[in-house]
Amino acid sequence: MKEVKACVLYGFGINCDYETKFALGKAGANAERVHITDLIEGRRSLDEFHILAIPGGFSFGDDISAGKVLANRIAYKLGEQTRAFVGSGKLLIGICNGFQVLVKMGILPCLSGDFAWQPYTQLVTLTYNDSGRFEDRWVNLLVNQNTPCVFTKSVERLQLPVRHGEGKFLTLDNVVLQRLREQGQIVLQYADKNFRKPTMTYPYNPNGSIDAIAGICDPSGRVFGLMPHPEAYWSPQNHPCWTRQKVEGNLPEEGLGLKIFRNAVEYVRGDLL
Amino acid sequence: MSHRIEVGFKEGVTDAEGEAIKRRIEGELGIKKVESVKTIKVYIIGVDESVPRTTLEEIANKVLLDPIIQVSSVDHPIAHDFSWLIEIGKKPGVADPEGRTAETAVEDVLGRSIVPPDKGIFTSKQYLIKGDLSRSDAERIAAELLGNKMIEQWQIVDEAAYHSGFEMPLPIVRITDPPSVERINLNVSNVELLNLSRQRSVALNLKEMQTIRDYFLNPRVIEQRRIVGLDERITDCEIELLGQTWSEHCKHKIFNARINYDNGSGNTDVIDSLFNTYIKSSTSKLQEKLDWVVSTLWDNAGVIKFNDDWLLALKGETHNSPSAKDPFGGAITGIVGVYRDPMGTGMGAKIIYGTYAFCTGSPFYHGVLSPDIHPARLLEGVRKGVEAGGNKSGVPTPFGHLFFDDGFIGKPAIYVLAAGLIPAEVNGKPGWEKKADAGDLIVMCGGRIGIDGIHGATQSSMEMSDQISSEHVQIGDPFTQKKMHDFLLEARDLGLYKAITDNGAGGLSSSVGEMARMSGGLELHLDRAPLKYEGLKPWQILVSESQERMTLAVSQERINELTALARKHGVEISVLGNFTSSGKFHVLYKNRTVAYLDMSFVHEGVPQMNLKAVWKTPEQRGLFEPILFVVKNYGETIKKMLARENICSREYVARQFDHEVQGTSVIKPMVGKNSDVHSDAVVIRPLLGSDEGIAISSGINPHYGKIDTYHMAALALDEAIRRIIAVGGSLEQIAVNDNFCWPSPLIGENNPDAEYKLAQLVRANQALYDYTLAFGTPCVSGKDSMSMDALVKDKQGNKQRVSALPTIQFSAVGKIDDVTKCVTMDAKKQGDLVYVVGLTKNELGGSEIYDMIGEVGSNVPKVDAEKAKTIYNCMSEAVQMGLVHSIHGCYKGGLAVALAQTSFAGGLGMVVDLDKVPTESVFGNARILFSESASRFVVTVPKEKKEDFERVMGKVDYGCVGYITKKPVLKIKSVHGRTIIEEDIISLKQAWQEPFGT
């Protein structure tokens with residue numbers, strides 16, 4: 001079988017590159033950390049890969065606004081390459097700071113579905129949590145069952161950690177929000193304690209995101225951005241209650257966040273190899 | 001000229017920061033009339049006049065604005081509809097990392113730089129306050145909440161004044177004097193020698209100044225100096241260099257002093273160096289026995305074996321003086337700085353976690369002292385500093401302590417610790433070794449040099465007072481360091497450098513100086529160092545502690561590769577000279593010698609101090625056990641105990657530190673059914689995919705030191721170990737780091753009990769020796785801070801000397817062979833049996849319950865190391881065999897707190913019979929519940945494992961004291977079988993969470 005190759009960006013304050021690479025590897029990809037400068041200066045190329053992951057972290061120290069500076073660097077210096085990459089049907093995932101980068105570049109939500117997207121037209125944002133704090137806590141997530149998102153296929157609910165200070169999802173206006181709803185682009189929503197429904201109640205909704213939005217995709221479902229960290233749940237022992245799950249006999253075989261990456265790898269195997 | 005680009009929120013968008021500030025103005029300052037607070041970010045851009053307005057608008061819209069929620073404007077104020085506007089910007093010379101990022105971002109978007117080197121982009125922030133407030137209210141808000149006069153400048157205007165013309169000065173450093181070198185005659189009187197030390201703030205005592213004078217008047221020395229163009233006069237570079245290298249901070253002169261110690265009996269022993277006698281000798285003895293101890297007490301961090309392929313480097317630090325003056329800046333510099341210790345150890349480590357302990361005055365303090373920064377604000381500042389430093393570095397901060405005592409109102413103890421992994425072998429050589437050879441290049445990498453942080457090493461060795469100026473304050477920049485860290489790890493693996501060390505206290509003088517000991521000399525050219533701005537004097541370049549710098553030794557043939565790699569990472573590096581074998585510390589500026597000293601004099605010339613220590617026993621100090629000790633309402637008392645500031649929940653701190661970045665988290669800081677109770681220790685597995693891990697903890701409790709610092713030290717170590725055992729670690733492999741923070745034991749005015757304080761230090765060291773040996777837990781690294789004193793104004797404006805409690809923190813790291821066997825402290829299942837393991841004794845001296853009734857007592861808990869070891873080994877075996885569902889150590893507040901926490905963490909009730917608790921002798925319910933005897937655990941065991949568990953416990957003192965219930969009630973029966981506590985666990989948890997919230 002041909003290899004599924006994944007590029008994990010690193011450099012300039014990206015922090016979650018090692019574990020994102022590890023999770024993609026565990027999911028079956030041949031994943032590699034690639035420095036942004038190596039792509040910009042042409043020593044490496046996105047053409048080599050099927051999956052591009054922009055991991056979490058504090059690129060450029062979160063200065064100006066989270067993800068903004070890296071978004072500009074990618075848009076202005078890697079714009080063509082990125083456009084060609086997603087335009088050719090490949091997969092792009094942005095996690096936490098990576099999600100902030102994608103929305104500030106304007107590559108998400110890409111309402112038209114046309115990846116010759118107009119750069120610098122930002123339609124949504126991720127901004128300061130209502131609590132005014134950075135927080136690290138696990139949240140309950142409900143997965144939209146009517147989304148084209150390839151990363152969440154056959155996942156209904158998920159528990160993952162959020163670790164951000166700027167994760168409150170907002171749209172330019174109600175028209176944008178309505179389009180996101182109609183096109184199935186809302187992928188993940190923060191849910192209440194018992195996973196019954198999306199919630200605006202803190203801390204279950206940790207940041208005050210509109211519609212409790214935790215992750216969105218483009219209309220094709222191949223570009224996915226989310227605030228929670230699936231790579232941080234690669235092992236059953238990552239779960240905050242795993243010692244209780246062990247006693248209760250419901251400790252899963254592997255970390256449930258891996259499913260996101262497995263879906264990506266399987267999509268590539270099915271459609272791109 | 002400069003332009004102002006302002007970015008504010010659109011109408012209707014939540015300004016979360018503004019709202020948080022509004023709450024703090026009301027809560028912390030008690031100013032209630034605030035209607036709203038809004039924030040506006042300001043970028044002041046210095047450019048040439050030729051830059052057109054359209055370009056500035058492009059910058060505003062493309063670089064600085066989030067168009068969904070913000071509006072921007074160029075040279076036109078956004079602010080309107082406010083009572084007071086406070087704009088806060090940096091003082092000249094204070095680092096402004098966001099401004100620097102903005103410069104980079106502008107370049108990315110425009111494709112060119114428009115900011116000339118002598119200008120820049122500077123950031124400031126406006127706070128628009130609406131409400132019926134006076135100017136003095138606004139001034140208080142600026143000075144006591146928003147700004148810090150050490151590093152920031154601000155303007156306060158009302159709306160009318162603002163619109164009639166407002167200007168914020170550009171914080172550009174302009175140094176007009178040309179760089180020069182001063183030469184100073186040392187052939188002067190003792191008084192003048194001391195004056196010189198004081199004038200230059202180098203904190204050298206008379207004996208040290210005389211030693212320096214004698215060196216400079218030595219004819220052999222003069223003769224050699226003439227060859228390089230110097231004479232018998234010392235240069236400013238030289239005195240500064242010696243001041244840094246010989247500072248208490250760098251040389252640990254008190255720990256190396258010769259001490260006459262009277263143990264209270266009138267007999268005197270001579271201790272030739274506390275460090276050698278107690279710390280080093282214990283570690284050396286253990287290193288001989290334990291094959292996992294690799295490299296200790298010489299490098300920037302101690303090194304132990306993690307497994308065959310990886311080593312673990314560990315180092316703790318304190319950053320007390322800077323944090324007292326600028327809590328945020330001090331703490332962020334502390335945490336980011338301590339990462340550089342493992343990074344600069346051996347061939348360099350990848351940082352895998354950090355920990356913290358913040359000892360401050362009570363955040364609820366309302367006493368007579370009126371410190372510049374109230375403890376509540378100080379605590380929030382240091383917390384925020386570690387949050388920013390840790391989170392932005394991508395390093396988890398999973399464990400720490402808060403400890404409150406009003407002795408810390410003068411100077412807080414701000415502990416930070418970091419650990420990292422080094423490959424066991426780097427390019428075929430042991431990863432913990434390094435070697436700089438003569439001819440290798442001296443390479444500095446990371447940030448540029450400015451006047452920030454000059455004299456950090458000497459200042460931290462002095463009593464706190466107002467004379468510390470902004471020159472001494474640094475603000476760490478995790479982003480710059482993160483890039484450098486990525487760069488260095490790649491350079492290491494490519495073999496591009498031969499040795500590495502950190503630029504910390506003392507700057508280049510110390511880092512290059514230390515590394516040059518390997519080759520036997522150095523030649524350093526100060527004019528080749530990149531500066532933040534022109535005009536720095538050579539001595540300032542030499543000792544500046546500007547942050548995020550490391551020093552490398554690089555062979556000539558690899559420098560081009562290293563330079564290319566640095567460019568890829570956006571890291572600045574520069575070659576400053578080379579290492580030599582000349583035996584000389586040779587420093588030049590524009591090819592003229594500015595310092596020329598014998599390496600041996602610099603490093604070994606400092607004379608030993610002679611000190612006297614006199615111990616007074618607790619009895620001699622009039623300490624005794626309270627005669628009457630009765631608890632009337634146990635239910636109320638346990639709630640009060642849970643709500644005490646040194647016991648209650650600190651979840652809000654743990655949550656704001658990223659504790660699971662790197663994907664290594666196994667046991668988190670908050671555990672239990674709702675993940676809201678503190679774990680005894682945390683566990684990570686640093687190698688993704690492997691089940692090998694480490695448990696991380698620390699122990700600290702200065703209150704016991706009021707009775708005897710010997711037992712305080714023993715208890716701190718025992719606590720750190722107990723925590724490791726509680727999550728499933730074992731005594732097989734636990735390494736510790738010792739961190740002393742002590743009030744000055746040097747005789748001087750205002751320090752009448754210096755000899756007693758030194759005796760306290762002696763006793764703490766004796767305990768360190770006794771107990772690290774007994775437990776087999778070597779101190780692989782450590783640090784001391786010996787001036788925990790300050791002058792603090794009282795409400796009348798009179799200055800009072802405030803000395804902190806002598807404090808020692810032991811930080812521990814324990815190897816875990818299989819993390820999947822680890823346990824947490826929360827009760828897990830109805831019907832499980834509750835055990836108390838370890839003996840409860842009549843030991844309430846220094847306890848929380850005594851403190852609650854205003855007593856200290858004298859029966860301080862004592863650690864019985866032999867019994868403790870047996871207990872710990874049995875507990876480890878029980879965990880390995882899978883016999884327990886939860887383990888929780890007994891710490892402050894004793895059994896009462898441990899039982900309650902076990903129960904409410906699990907969301908399950910508990911029935912306990914105090915009569916079944918193993919005690920030394922029967923001494924009453926209150927003492928059983930609140931005694932703080934060491935080495936004890938509350939354990940829950942599934943019924944079917946009862947026999948196995950008891951067999952493993954063997955001869956250890958244990959009692960099966962009760963069982964877990966579904967009914968969420970903690971029920972405790974007295975020794976006579978009467979129910980004395982019957983409390984809903986939800987209300988117990990609420991009491992525990994109430995003081996700081998969640």
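Lettering follows sequence order; numbering is per chain, from 1.
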Kindly determine whether H35(A) and F487(B) satisfy side-chain contact (heavy atoms from CB on, under 4.5 Å), including the steps that lead there. CA-CA 11 Å; H35(A) 199 277; F487(B) 156 66; over 6 Å; no
For D38(A) and K568(B): C-alpha separation, side-chain torsions, deciding distance, then whether salt bridge (charged side-chain N to carboxylate O under 4.0 Å, His left out) applies. CA-CA 7 Å; D38(A) 282 341; K568(B) 165 176 138 180; 2.9 Å; yes
Yes or no on salt bridge (charged side-chain N to carboxylate O under 4.0 Å, His left out) for D108(B) and K77(A), after CA distance, side-chain angles and deciding distance? CA-CA 8 Å; D108(B) 279 351; K77(A) 300 199 166 178; 3.3 Å; yes
Step by step, would you call R133(A) with E17(B) a salt bridge (charged side-chain N to carboxylate O under 4.0 Å, His left out)? CA-CA 9 Å; R133(A) 289 177 174 181; E17(B) 185 190 1; over 6 Å; no
Using the side-chain contact (heavy atoms from CB on, under 4.5 Å) rule, take E19(A) and V661(B) through it: C-alpha gap first, then chi angles, then the decisive distance, then the call. CA-CA 8 Å; E19(A) 60 267 39; V661(B) 62; 3.9 Å; yes
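Atom OH of residue Y18(A) and atom CD of residue Q662(B) lie 9.0 Å apart, to the nearest 0.5 angstrom. In this structure, NE2 in H659(B) is found 9.5 Å from CZ in R137(A), a value given to the nearest 0.5 Å. Of the inter-residue distances, the one linking I68(B) atom CD1 with Q122(A) atom CD reads 4.5 Å to the nearest 0.5 angstrom. To the nearest 0.5 Å, atom CD of residue E651(B) and atom CD of residue E135(A) are 8.5 Å apart. Taken to the nearest 0.5 Å, the OG1 atom of T104(B) stands 9.0 Å off from the CZ atom of F12(A).
Of the listed residues (V109(B), V819(B), I69(B), T14(B)), the one with the most heavy-atom contacts under 4.5 Å to chain A is V109(B). Chain B forms the most heavy-atom pairs under 4.5 Å with one residue out of D62(A), V124(A), L170(A), T127(A), and that residue is V124(A). Across D17(A), T171(A), L172(A), the residue that shares the most heavy-atom pairs under 4.5 angstrom with chain B is L172(A). Among V63(B), I21(B), I667(B), the residue with the largest count of heavy-atom pairs under 4.5 Å with chain A is V63(B). When the candidates R100(B), K828(B), E19(B), E107(B) are compared by the number of heavy-atom contacts under 4.5 Å with chain A, K828(B) comes out ahead. Of the listed residues (R73(A), E231(A), K246(A)), the greatest number of heavy-atom pairs within a distance under 4.5 Å of chain B belongs to R73(A). Most heavy-atom pairs under 4.5 Å with chain B: of the set I36(A), L123(A), V176(A), L251(A), this distinction falls to L123(A). Listed options T101(B), T820(B), L688(B) were ranked by heavy-atom pairs under 4.5 angstrom with chain A; first place goes to L688(B). Of the listed residues (D486(B), L64(B), D66(B)), the one with the most heavy-atom contacts under 4.5 Å to chain A is D66(B). Of all the listed residues (V69(A), V247(A), V103(A)), the one sharing the greatest number of non-hydrogen pairs under 4.5 Å with chain B is V247(A).
Of the possible donor and acceptor atoms, one in the side chain of W242(A) sits under 3.5 Å from a partner among the backbone N and O of V666(B). Remark: side-chain polar atoms of R244(A) are paired, donor with acceptor, to backbone N or O of G906(B) under 3.5 angstrom. Remark: side-chain polar atoms of K68(A) are paired, donor with acceptor, to backbone N or O of L65(B) under 3.5 angstrom.
The local environment of NZ in K21(A) is sparse, with at most 12 non-hydrogen atoms from other residues, nucleotides or ligands closer than 6.0 Å. For K350(B), the NZ atom sits in a packed shell: over 12 heavy atoms of surrounding residues, nucleotides or ligands are nearer than 6.0 Å. Other residues, nucleotides and ligands place more than 12 heavy atoms under 6.0 Å from the NZ atom of K125(B).
Counting all heavy atoms, side chain and backbone alike, I14(A) lies closest to K482(B) at O-CE, 3.2 Å. Between K41(B) and I64(A), the closest heavy-atom pair is NZ-O, 3.1 Å. Between Y128(A) and A16(B), the closest heavy-atom pair is CB-CB, 4.1 Å. Nearest heavy atoms, C241(A) versus G672(B): SG-O, 3.5 Å. T243(A) and T824(B) make their closest contact through OG1-OG1, 2.6 Å (heavy atoms, listed as atom of the first residue, atom of the second, distance).
For T123(B), no part sits under 4.5 Å from any heavy atom of chain A, backbone or side chain. Contacts between A102(B) and chain A at a heavy-atom distance below 4.5 Å involve backbone atoms as well as side-chain atoms. Both the backbone and the side chain of K392(B) come within contact range of chain A, judged by heavy atoms closer than 4.5 Å. Proximity to chain A (any heavy atom under 4.5 Å) is shown, for V395(B), by neither the backbone nor the side chain. At a 4.5 Å heavy-atom cutoff, S679(B) makes no contact with chain A through either its backbone or its side chain. Proximity to chain B (any heavy atom under 4.5 Å) is shown, for D173(A), by neither the backbone nor the side chain. Neither the backbone nor the side chain of Y233(A) has a heavy atom closer than 4.5 Å to any heavy atom of chain B. Residue contact with chain A, scored on non-hydrogen atoms closer than 4.5 Å, involves the backbone of F657(B) exclusively. Contact annotation for S131(A): only backbone heavy atoms (N, CA, C, O) come within less than 4.5 Å of a heavy atom of chain B. Contact of K668(B) with chain A is made through the side chain alone, with heavy-atom distances under 4.5 Å. Only the side chain of E490(B) comes within contact range of chain A, with heavy atoms under 4.5 Å apart. Both the backbone and the side chain of N391(B) come within less than 4.5 Å of a heavy atom of chain A. Looking at K10(B), the atoms closer than 4.5 Å to chain A (heavy atoms on both sides) all sit in the side chain, from C-beta outward.
In this structure, K483(B) fails the cation-pi test against F60(A), since its NZ or CZ atom is not both closer than 6.0 Å to the six-membered ring centre and inside 45 degrees of the ring normal.
A donor-acceptor pair shorter than 3.5 Å cannot be found between the side chains of N238(A) and S665(B). A donor atom on one side chain and an acceptor atom on the other are found under 3.5 Å apart for R685(B) and S235(A).
You'll find the side chain of H164(A) stays beyond 4.5 Å of the side chain of D658(B), heavy atoms only.
The aromatic ring centres of F479(B) and F58(A) sit 6.0 Å or more apart.
Under 4.0 Å is where a charged nitrogen must lie from a carboxylate oxygen, and between R567(B) and E41(A) at least one such pair does. A salt bridge is absent between D136(A) and R655(B); no separation between the charged side-chain nitrogens and carboxylate oxygens falls under 4.0 Å.
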